[in-house]
Protein chains: 2
Amino acid sequence: MADSHPPASAEKPGATSPAPAVTRAAAVLDALAASATGRLTLSDLSREVGIPKSSTSNLLLALEEARLISRQGGEFTLGRKLVELGAAYLGRMDEVQEFYRYCEQASVLSRETVRIAMLDGTNVIYLARYEGHPAVRLTSNIGDKMPVSLCAVGKALIARLNWHDIEEMFPDGAELPVLTPKSLRTGAELKAQLSQIREQGFAFEDEESTTGVVCLAVSVPTRGAHGPSLGLSVTALKATYTPEQGSQMVKELQELAHSLGNPMG
Amino acid sequence: MADSHPPASAEKPGATSPAPAVTRAAAVLDALAASATGRLTLSDLSREVGIPKSSTSNLLLALEEARLISRQGGEFTLGRKLVELGAAYLGRMDEVQEFYRYCEQASVLSRETVRIAMLDGTNVIYLARYEGHPAVRLTSNIGDKMPVSLCAVGKALIARLNWHDIEEMFPDGAELPVLTPKSLRTGAELKAQLSQIREQGFAFEDEESTTGVVCLAVSVPTRGAHGPSLGLSVTALKATYTPEQGSQMVKELQELAHSLGNPMG
DNA sequence: GCTGAGCGTTCACTCAACTGAACGCTATCC
DNA sequence: GGATAGCGTTCAGTTGAGTGAACGCTCAGC
């Protein structure tokens, strides 16, 4: 956990929510998701979220009734309803369906491993994966989170942000998480790549998350006002990767990104 | 809940929740998940869930702040936070990781499509899928729900319940959902299979959910006191399926189920 | 241009949800 | 064995969240 946030102070001190119980319930869910074991007692949660035990107890009863959490003995865990809701979110995204359809019929991408991801703070979350290339079996799964600095799609996504936000997220000296010897180490190294990514219109990852694997990624132009920032990536083995192949992949990724961003086109 | 559900009367009339705002917020999420388009306006939600617009507005503001929903113009959709929470729920289950590891190295299963699911009322929810057999591309995805009567894993899971609960869920005359000509039609038909499933230790599905496809499934012995009921299934094409292959698959499924149920073994 | 239906928002009143101190209970410790 | 610390639950007072009527707004229809 590189992020310095004090464990789970999910409640804004000054701001007052129009439905505090809901805000606090969400904080409880966050605390459970963030905890190491995924199991917390009432007292743990009360302490973590910063609300009285009696109130926490009421929240937990309501959350349990809604199956958003589950009680096992004296411990609470996230509830299975969350799987349903998360799946409903994914299943409903037109983008995901369009993504599959395009990959199936693309000339180069149809034989590769392609993923669609969204930006979430300093991480990306993988939403769906098309596997046209069964030989490459990757560890990442739907719903997985990955620091933006470690993957092409992350770099492609933050390259679209304004510099002020980027500076705030990644000060020059910021230490980045490392997975391979080629992983970027500092905020400065990361930012050095962004202007190039902006110019050429795609991001490249050279064994920065997995040795032997390279990635290409583009961002999807935001559709509508507040849609999530989506990105597309394709993964290839470095051993067989060629620049010619790469430029064709980028071309198809950009075509897909364009059609995702402009549903009418 | 033999739900002939009136759209989304998520609020119990008599019962009073210890934190109504949370219960109602959960009902809002359900309504969004259940809606056809996944996009509802404030008025839609107010009508659907049965609470005043002003209160709904407050709930939506709080939910939006927590990123559990997202507002796009005048319409609301489920929020990306749900993907994270759902993934946190899944990621925390040791079972899923162990499931993948085992499938990778199994002699028969490693070449098939294997899934792990959990019981949720009269449905099963698919938690993870291993695809060792890329030729068989199925429509079901992680998080999908399926009535228990229509799949092998559903039958395997309810076979473990006590008769009283089963009778309550599936009275003899109960009409079951139908997907193919071979789908089971009534509670009586379903229950007739259960004792056999208990005796032989696995469940079989013969084109009951998809024509041309057969499934084998076993249930995982419940680990600990209140863990969710997990089941495993393997899917095969009827055209190429042989009983010899089937018995080997069952053997491996049972082995996996046993190791999932007894983490020390 | 006028009307009406439907949308989301605002606001003062009121009832019920939140609080925190006290309780009973179960380990754990010396 | 008695004392302590920590757990979750209970309960009455009070504050703050929920209510619904009224508002301003947009869009369709005639």
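Since this is a predicted model, take the numbers as computed values, not measurements. Lettering follows sequence order; numbering is per chain, from 1.
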(message) Less than 4.5 Å apart, side chain to side chain, heavy atoms only: is that true for A:E75 and A:L40?
(response) no

Would you say that A:L256 contacts A:S259 through its side chain, given a criterion of any heavy-atom pair below 4.5 Å between the two side chains? yes

Can you tell me the distance, in whole Å, between the [atom1] atom of [X] and the [atom2] atom of [N]?
{"X": "B:F76", "N": "C:dT9", "atom1": "CZ", "atom2": "C1'", "result": "12 Å"}
{"X": "A:E75", "N": "D:dG6", "atom1": "CD", "atom2": "C1'", "result": "15 Å"}
{"X": "A:D44", "N": "D:dG8", "atom1": "CG", "atom2": "P", "result": "8 Å"}
{"X": "B:L42", "N": "C:dG8", "atom1": "CG", "atom2": "P", "result": "5 Å"}
{"X": "A:I51", "N": "C:dA17", "atom1": "CD1", "atom2": "P", "result": "16 Å"}
{"X": "B:E64", "N": "C:dG8", "atom1": "CD", "atom2": "P", "result": "13 Å"}
{"X": "A:L60", "N": "D:dG8", "atom1": "CG", "atom2": "P", "result": "9 Å"}

Across all chains, not counting sequence neighbours, the side chain to side chain donor-acceptor pair (under 3.5 Å) partners of A:Q254 are none

The side chain to side chain donor-acceptor pair (under 3.5 Å) partners of A:K81 (sequence neighbours excluded) come to B:D30

The side-chain contact (heavy atoms from CB on, under 4.5 Å) partner of A:L68 among A:L78, A:L32, A:L63 is A:L63

Taking only side-chain nitrogens and oxygens of [X], does any of them come within less than 4.0 Å of OP1 or OP2 of [N]?
{"X": "B:S57", "N": "C:dT9", "value": "yes"}
{"X": "A:S43", "N": "D:dC7", "value": "yes"}
{"X": "A:R24", "N": "C:dA17", "value": "no"}

inquiry  = Would B:R71 pass as a cation-pi partner of B:F76, given that its NZ or CZ must be under 6.0 Å from the six-membered ring centre and within 45 degrees of the axis?
reply    = no

Pairs: protein N or O with nucleotides 20-22 of chain D N or O, under 3.5 Å:
from	atom 1	to	atom 2	distance (Å)
D:dG20	N7	B:S54	OG	2.7
D:dG20	O6	B:S54	OG	3.2

The answer to which of A:R47 and B:N58 contacts DNA chain D further toward the 5' end, by nearest nucleotide, is A:R47

Output for pair (B:N123 CG, B:D120 CG), nearest 0.5 Å, gives 6.5 Å

